Structures are given as C-alpha cells and as structure tokens.
Number of protein chains: 2
Amino acid sequence: MVRDSIRILQAQGHKATRPRKLVLEVLEETEKPLSPYDIQGILRARGKYLNHVTIYRILDLLCSLNLAHKVLSSGGFVKCSLDDIEGCHRFMVCQHCGAIQEFADKGLCQEENEFARNLGFHTEYHLSEFSGLCSRCYRKWLH
Amino acid sequence: MVRDSIRILQAQGHKATRPRKLVLEVLEETEKPLSPYDIQGILRARGKYLNHVTIYRILDLLCSLNLAHKVLSSGGFVKCSLDDIEGCHRFMVCQHCGAIQEFADKGLCQEENEFARNLGFHTEYHLSEFSGLCSRCYRKWLH
DNA sequence: GGCTAAATGCAACACTATTGCAATTAGCTA
DNA sequence: TAGCTAATTGCAATAGTGTTGCATTTAGCC
C-alpha cells in the first residue's frame, strides 16, 4: 500500500510530498514495469502534471529504499512487492502481457552461489529475470 | 576468434566488411561490456572511424547470430563465448573490475524452471546476471 | 574489370537522462 | 495557526542514446 511506503519514507527522514504520493499510487496500480515517461503520461492523463526530472529523482529514491526496482530487460520500474529480498532480486516477466512477478527463494540462491563459487566467482548479489508466460497467458495459449 | 565469427557471418549470407571486422576485433579484445559509443571511442583512438549508426547495426546483427550478447545491467555488449546457450544466458559480472564471465549449466536451468513452474510461470528463457567478485579481484580483496 | 545487392555514412530527428539554480512546500517550532 | 528552514520540485539548458531515410560505397559475384 502507498500508505506503508509513505511511512517508510518518513521513517528515513524523507518528506511525504504530493509528487511522491502520486508516483507511488501509479506504481501500486500496475504490475507492469513503467518508465519515468510512462508514469508522467499516466498522471498527465489524469490532469496531474509532474516534471520528468522529479519523477527520475523520486524513482531513484524509491529504489535506494528498496520500495521499487528497476527491471533491466525493459528498463522500467516496478514497486517492490517483497519485504526482504536477501540480496537476491528475481523477476518473472511474461512475454505476452508484460506482467512482472517478483519472487525469492533461499535454496535456489544458495545453489546458484555454490555453482558460481565452483567457477571462482564470489557472488553476493543475484539478479535474475526469467522470461516466459504467466499462468493466465499460458492458459490462453493452450486455448 | 574474429576469424571464426567472420566465417559464421558469411555462412549466413552476410558480408565480411571492414566495419564488422573492426567491431569484432574490439569485442574480442575485452572481457568487459562495451556500449556502441565505447566501441566507437576505442576505434577512434586508433585512427579508425566508424559511424555510430553502423556500430548499432553491426551489434544488432551479431546479437541476432548469437555472436554477441547485450548485458542488461550495464547495457553494454560482450562477445558470446559459448557455442550453445540452450535458451539460457548467464553472466557473472565482477563488481570491482567489471569483467564478465559467461556460463551455462543445464541442471541449474532445470531447477529454476521447476521453481518457476511451481509459481505458475512457464519459463522458456532465462536471463541471469550474478554480481560479485571474480577470482582475481577476490584474491586482491583478501590481501 | 564491371555489376548488383548489401552495407555504410550522413543528416536529421526523437527519446532518454542529467545538472544547476530559482521557486515552492512539508514539517517543525513557537 | 503563522513563520521558518531545509528539503523538494520545476524549469531551462544540455548531454547522451538510439532510430530512420536516403545517397554513396563496397564485398562478392560474374
């Protein structure tokens, strides 16, 4: 909820401004990654104007507080839907509808870490984006 | 080797032009991801000019032939170092020196697929970028 | 050497992202 | 509730990234 994010924002000494609330609302409503200009467009359609620089800065802040993530394959931003991500961000991106699902799994992380270590690489952070079909689109695909 | 890539290029009906050889040479030399403008800069420093549009087009071609990959976390391009990637691209990115190591593991892929399936997601393609320290930088880190 | 389709270079443009500074505002205090 | 101040936003300017159409050049063929 937007309200929760605002609380976290304030707890860290940041102000609960109108632009921040608007960006959080938009992110909250959609499960697809949005670019700064996407967000500006959505708000403009509602008669609420935000400068793009402001949106960039707000998204930076939200990411730094782990309230949002940048999805690298599309460059867009999504709200963070997990409380604790344990140094491991995972997204499943639906190729058909673009929807994002964030998830985490400790066991999988450990396995991957071990695999990397065998190759001489010391991982401390995972970024995984799986591309495929979400359950809804998969059902449609099967007719 | 550049020579191998050129052969693959020609086998698919593409010409072995001077610009393509130059881009392949640069990609071959470095294990760090390079943006189109990085490549242009490196070549310019050697007195060889390529238009940035040309470089974009060459990188598109190389990626479509699986001779190069786009590394999403940095947006740069690296040469492909694996013959068969089985629908699964993996990179380990060193946080310290930026070096990239590409790798693949069928078992890990299967495990990830299964995990995704349990969440109702049907994956056909993985993109994983692990961030950490490569063996050389890790040794330095330990003093 | 000449031919032709493919590839490159160029110019123009659109989109994305960043910086410095002036104006505004949230949240504090009285 | 009004006033204060630092934080935040908006604006203008600019830099960087990526794309398109078209004229020119070139690789690979005869």
Side-chain angles (χ1 to χ4, degrees), chain A residues 2-3 5-27 32-44 46-65 67-78, chain B residues 2-3 5-27 32-44 46-65 67-78:
Chain A
V2 173
R3 195 151 275 216
S5 301
I6 289 294
R7 208 168 299 144
I8 294 172
L9 222 60
Q10 289 181 311
Q12 312 270 346
H14 304 282
K15 294 184 178 176
T17 62
R18 189 189 85 108
R20 287 173 182 170
K21 286 176 196 164
L22 288 175
V23 170
L24 280 168
E25 268 174 35
V26 172
L27 285 180
K32 294 179 195 179
L34 299 173
S35 75
Y37 288 95
D38 288 338
I39 294 170
Q40 189 180 46
I42 290 169
L43 287 171
R44 185 162 22 220
R46 298 177 189 171
K48 323 229 175 199
Y49 173 77
L50 289 187
N51 189 279
H52 72 278
V53 179
T54 301
I55 300 176
Y56 273 96
R57 293 195 271 227
I58 289 173
L59 289 171
D60 276 352
L61 175 68
L62 296 180
C63 286
S64 76
L65 297 174
L67 296 173
H69 295 305
K70 186 169 193 176
V71 176
L72 293 173
S73 55
S74 63
F77 293 83
V78 287
Chain B
V2 172
R3 194 150 276 216
S5 300
I6 289 294
R7 207 167 300 144
I8 294 171
L9 222 61
Q10 289 181 309
Q12 311 269 348
H14 303 283
K15 293 183 179 177
T17 63
R18 190 189 86 108
R20 285 174 182 171
K21 287 176 196 163
L22 289 174
V23 170
L24 281 168
E25 268 174 36
V26 172
L27 285 181
K32 295 178 195 179
L34 300 173
S35 75
Y37 287 97
D38 288 338
I39 294 170
Q40 189 180 48
I42 290 170
L43 288 170
R44 184 161 24 219
R46 297 177 188 170
K48 324 227 172 200
Y49 173 76
L50 289 188
N51 189 280
H52 73 278
V53 179
T54 301
I55 300 175
Y56 273 96
R57 293 196 271 228
I58 290 172
L59 290 170
D60 276 352
L61 175 67
L62 297 180
C63 286
S64 76
L65 297 175
L67 296 172
H69 294 305
K70 186 169 192 174
V71 177
L72 293 172
S73 57
S74 62
F77 292 84
V78 287

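A quick note: this is a predicted structure, and the numbers were derived from the prediction, not measured. Order of the sequence lines sets the chain letters (A, B, ...), proteins ahead of strands, with each chain counted from 1.
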Exercise: identify the closest heavy-atom pair between B:H14 and B:L61: CE1-CD1, 3.5 Å

Rounded to whole Å, CG of A:L50 lies from P of C:dT24 at a distance of 17 Å

Gap between atoms CG and C1', on A:L61 and D:dT9 respectively (whole Å): 13 Å

So if I take every side-chain heavy atom of B:R57 and compare against C:dT18, C:dC10, D:dG18, which nucleotide ends up nearest? C:dC10

Applying side-chain hydrogen bond (donor to acceptor under 3.5 Å, both in side chains), name anything that partners A:D60, two or more places apart in sequence or on another chain. none

Among C:dT16, C:dT18, C:dA12, which nucleotide has an atom closest to any side-chain atom of A:H52? C:dT18

Whole Å only: how far is the CD1 atom of B:I55 from the C1' atom of D:dG16? 15 Å

Counting just side-chain N and O atoms, does A:R18 come under 4.0 Å of either OP1 or OP2 of C:dT25? no

Tell me, with the steps shown, if B:L67 and B:L9 meet side-chain contact (heavy atoms from CB on, under 4.5 Å). CA-CA 9 Å; B:L67 296 172; B:L9 222 61; 4.0 Å; yes

In residues 8-17 of chain B, what residues come within less than 4.0 Å of DNA chain C, judged by heavy atoms? B:H14, B:K15, B:T17

Assess the residue pair A:L59 and A:L27 against the criterion (side-chain contact (heavy atoms from CB on, under 4.5 Å)); give the C-alpha distance rounded to whole Å, side-chain angles, the decisive distance to 0.1 Å, and a yes or no. CA-CA 10 Å; A:L59 289 171; A:L27 285 180; 4.2 Å; yes

Once you round it to whole Å, what is the distance between P of C:dT8 and CD1 of B:I39? 13 Å

Nearest to the side chain of B:V53, which nucleotide is it out of D:dC11, C:dA11, C:dT8? C:dA11

Tell me whether the rings of B:Y37 and B:Y56 are parallel (<30°), tilted (30 to 60°) or perpendicular (>60°). perpendicular

Distance-minimising heavy-atom pair for A:I6 and A:K21: CD1-CG, 3.7 Å

Which part of the nucleic acid, if any, lies within contact of A:R20, taking any heavy atom under 4.0 Å across all strands shown: a base, the sugar-phosphate backbone alone, or nothing? sugar-phosphate

If I take atom CD1 in residue B:I58 and atom C1' in nucleotide D:dG18, what distance separates them, rounded to the nearest angstrom? 16 Å

Looking at every strand, decide which applies to B:Y49 at a 4.0 Å heavy-atom threshold: base, sugar-phosphate, or nothing. sugar-phosphate

Check B:R18 against B:Y49 and note the closest heavy-atom contact, atom names and distance. NH2-O, 3.6 Å

Starting at CG of A:L22 and ending at C1' of D:dG10, how long is that distance when rounded to a whole Å? 15 Å

Can you tell which of D:dC11, C:dG9, C:dA17 lies closest to the side chain of A:N51? D:dC11

In whole angstroms, the gap separating C1' of D:dG16 from OH of B:Y56 amounts to 9 Å

Expressed as a whole number of angstroms, how long is the span from B:L59:CG to C:dA7:C1'? 15 Å

